Amino acid sequence: MMQIADLLLAWYGENGRHDLPWRHTRDSYRLWLAEIMLQQTQVESAKPYYQRFLDALPNWEALAVAPQDQVLALWSGLGYYARARNAQRAAQKIMTDFAGEFPDTPESAESLPGVGRSTAAAVLASAFAQQRAILDANARRVLIRTQAIRSDPKASKTLQHLWKLAEALTPADAHTYNQAIQDFGAIICLPRHPHCDACPLQRRCLAYAGGLSEQLPLPTRKPEKPERCVFFLQLEDHRGRIFLEKRPDSGIWGGLWCLPQLNQEGSSLPVLCDNQQQVLADGISLRERVRQFCALRHGLTVEVKALTMLQKHVFTHFQLHFRCILATVQDDQIVPGVADQILTGRWFTRENALAEGLPTPVRKILSQTS
DNA sequence: AACGCGTGGAG
DNA sequence: TCTCCAAGCGT
């Protein structure tokens, strides 16, 4: 009787996505990069980024010595930017601590920033033909269904169990099997409405046997999405250049270039949604707050020209409402003395700005108004 | 252990 | 429009 691994391998031979750009290499750099890009990211989203990144930074050394801004520009739009910053740190560690080669044990691989248990296993299996089990969203879902696991899919006890199962099922040819179970999860054992009628594991699937295919995995509770409201300052100088600040590495959009952000203090969403003559809750007019902000933070004297419509950007964990404040600098000069404290701001032409690592909404704003 | 971290496609 | 969630990891 064919076991699950053999059934998956047979299915994969006929139906797998053998044309993916990272499927025909054993180069650890290329395999690792694909794994990092694909974390929490769908194949179709990562595809266009992958080849572009490799063309620009084809090996560990190139990535290790690249300017961080170049790395983030190559990642711009893909999201979860800590992946890009960690990727560069990992490349640097490989150059300094591992003689330019991806390490060949799980412990050492997992010591690289951004490389966890599953990513390490995927690279070791494919680059070095080791028998290592992965446990990503696809493998997790397939195992939960075939074994009819009814516990919380994210609970640590469940994950322990799933890792045991994954390791027990993974055959010697883990490289091929890991691809197989991921393609199977993406094509047949879908998150919603799995194609059980076309499933090669139908007779091995406890969820199918129990009529639970649509109910498993058990849904996880969705945390509430708070709403945040900010203003983005679109400052232009007399030459039409735009002012951007580099965000700190920690937090949202870490390391990216962003429009200066003016937080809305002590006032609620309805105020921000109010008309353009609004006055903030502290009694200072928006126009005056902008002028203070630019003077204190950037040493710039500005004139507020306009306020755009309310726009929205949705993250996984919160919703961002924002307006852009259009303003011009009057004298094109950074105040001497204050300039020393301006570590994070620079003027860009539109074209140069769009070549940098920008958050998606900022890229949209700058593209629209150019 | 629970939360922070992006974006886009599907239904 | 809204909901779900995707090749996870760091803290």
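In what follows, chains carry the letters A, B, and so on, assigned in the order in which the sequence lines appear, proteins first and then strands, with residues in each chain numbered from 1. If you're wondering where the values come from, they're calculated on a predicted model, not measured in any experiment.
For S118(A), the side-chain atoms get nearest to dC9(C) when compared with the rest of dA7(C), dG8(B), dC9(C). Checking dA7(C), dA1(B), dC9(C) against the side-chain heavy atoms of S156(A) singles out dA1(B) as nearest. Comparing dG6(B), dT7(B), dC5(C) by their nearest atom to the side chain of Y80(A) picks out dG6(B). The T119(A) side chain lies nearest to dG8(C) when the options are dT7(B), dG8(C), dA7(C). Distance from the side chain of L20(A) is smallest to dA7(C) among dC9(C), dA7(C), dG6(B).
At dT7(B), one or more side-chain N or O atoms of T360(A) fall inside 4.0 Å of OP1 or OP2 (strictly under the cut-off). In this structure, H317(A) reaches the dC5(B) phosphate: one of its side-chain N or O atoms is under 4.0 Å from OP1 or OP2. Here T41(A) does not reach the OP1 or OP2 of dG8(B): none of its side-chain N or O atoms lies under 4.0 Å away. For dG8(C), neither phosphate oxygen OP1 nor OP2 lies less than 4.0 angstrom from any side-chain nitrogen or oxygen of Q39(A). Checking the phosphate oxygens (OP1, OP2) of dG11(B), no side-chain nitrogen or oxygen of H193(A) falls inside 4.0 Å. Side-chain N/O atoms of K312(A) include one lying less than 4.0 angstrom from OP1 or OP2 on dC2(C). Of the side-chain N and O atoms in W163(A), none sit less than 4.0 angstrom from OP1 or OP2 of dG8(C). Here K222(A) does not reach the OP1 or OP2 of dT3(C): none of its side-chain N or O atoms lies under 4.0 Å away.
Side-chain atoms of R117(A) stay outside donor-acceptor range of the base of dA7(C), with no qualifying N/O pair under 3.5 Å. Residue-to-nucleotide contacts include a donor-acceptor pair under 3.5 Å from the side chain of T316(A) to the base of dT7(B).
For the pair I181(A) CD1 and dA7(C) P, the computed distance is 11 Å after rounding to whole Å. Atom CG in N178(A) sits roughly 14 Å away from atom P in dA7(C) (whole-Å rounding). Protein atom CD of Q179(A) is 13 Å distant from nucleotide atom P of dA7(C), rounded to whole Å. Atom NZ in K225(A) sits about 11 Å away from atom C1' in dT7(B), given to the nearest Å. The CG-P distance, from L38(A) to dG9(B), rounds to 16 Å in whole Å. Atoms CG (L256(A)) and P (dC5(B)) sit 13 Å apart, rounded to a whole Å. Taking atom NZ of residue K364(A) and atom P of nucleotide dG6(B), one finds them 15 Å apart after rounding to whole Å. If you measure from atom CG of L320(A) to atom C1' of dG6(B), you get 12 Å, rounded to the nearest angstrom.
Contact detail for V142(A) and F184(A): the closest heavy-atom pair is CG2-CD2, 3.6 Å.
A salt bridge links R23(A) and D183(A); the closest N-O separation between the charged side-chain nitrogens and carboxylate oxygens is under 4.0 Å. Taking a cutoff of 4.0 Å between a charged side-chain nitrogen and a carboxylate oxygen, R297(A) and E245(A) qualify as a salt bridge. The residues R17(A) and E44(A) are annotated as not salt-bridged, no charged nitrogen and carboxylate oxygen being separated by less than 4.0 angstrom. Residues R350(A) and E236(A) are paired through a salt bridge, judged by an N-O separation under 4.0 Å between the basic side chain and the carboxylate.
Sequence order on DNA chain B of the closest nucleotides to A155(A) and Y49(A) puts A155(A) first from the 5' end. Checking E110(A) against E35(A), the closest nucleotide of DNA chain C that is more toward the 5' end is the one next to E35(A). Closest-nucleotide positions on DNA chain B for R192(A) and G79(A) were compared, and the one nearer the 5' end corresponds to G79(A).
Here W75(A) lies out of heavy-atom contact (under 4.0 Å) with every strand. Across all strands shown, P359(A) has heavy atoms under 4.0 Å from sugar-phosphate atoms exclusively, and none from any base. Nucleic acid contact for V43(A): base, since at least one base atom lies under 4.0 Å from a heavy atom of the residue. Across all strands shown, P223(A) has no heavy atoms under 4.0 Å from either base or sugar-phosphate atoms. Residue contacts for G251(A): at a heavy-atom cut-off of 4.0 Å it reaches the sugar-phosphate backbone alone, with no base atom in range. Residue R141(A) is classed as a sugar-phosphate contact, given heavy-atom separations below 4.0 Å to backbone atoms only. In this structure, L78(A) reaches the bases: a heavy-atom distance under 4.0 Å links it to at least one base atom across the strands shown.
Using a 3.5 Å distance cut-off with no hydrogens or angles, the side chains of D55(A) and Q51(A) do pair a donor with an acceptor.
With both ends at atom C1', the span from dT11(C) to dA1(B) equals 11 Å, rounded to whole Å. As rounded to the nearest Å, dA2(B) and dA7(C) have P atoms that lie 23 Å from one another.
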task = For side-chain contact (heavy atoms from CB on, under 4.5 Å), just list the numbers for D237(A) and F243(A), CA-CA rounded to whole Å, side-chain angles, deciding distance to a tenth of an Å, and then say yes or no.
result = CA-CA 8 Å; D237(A) 69 8; F243(A) 189 79; over 6 Å; no
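Within 6.0 Å of NZ in K164(A) there are 12 or fewer heavy atoms belonging to other residues, nucleotides or ligands.
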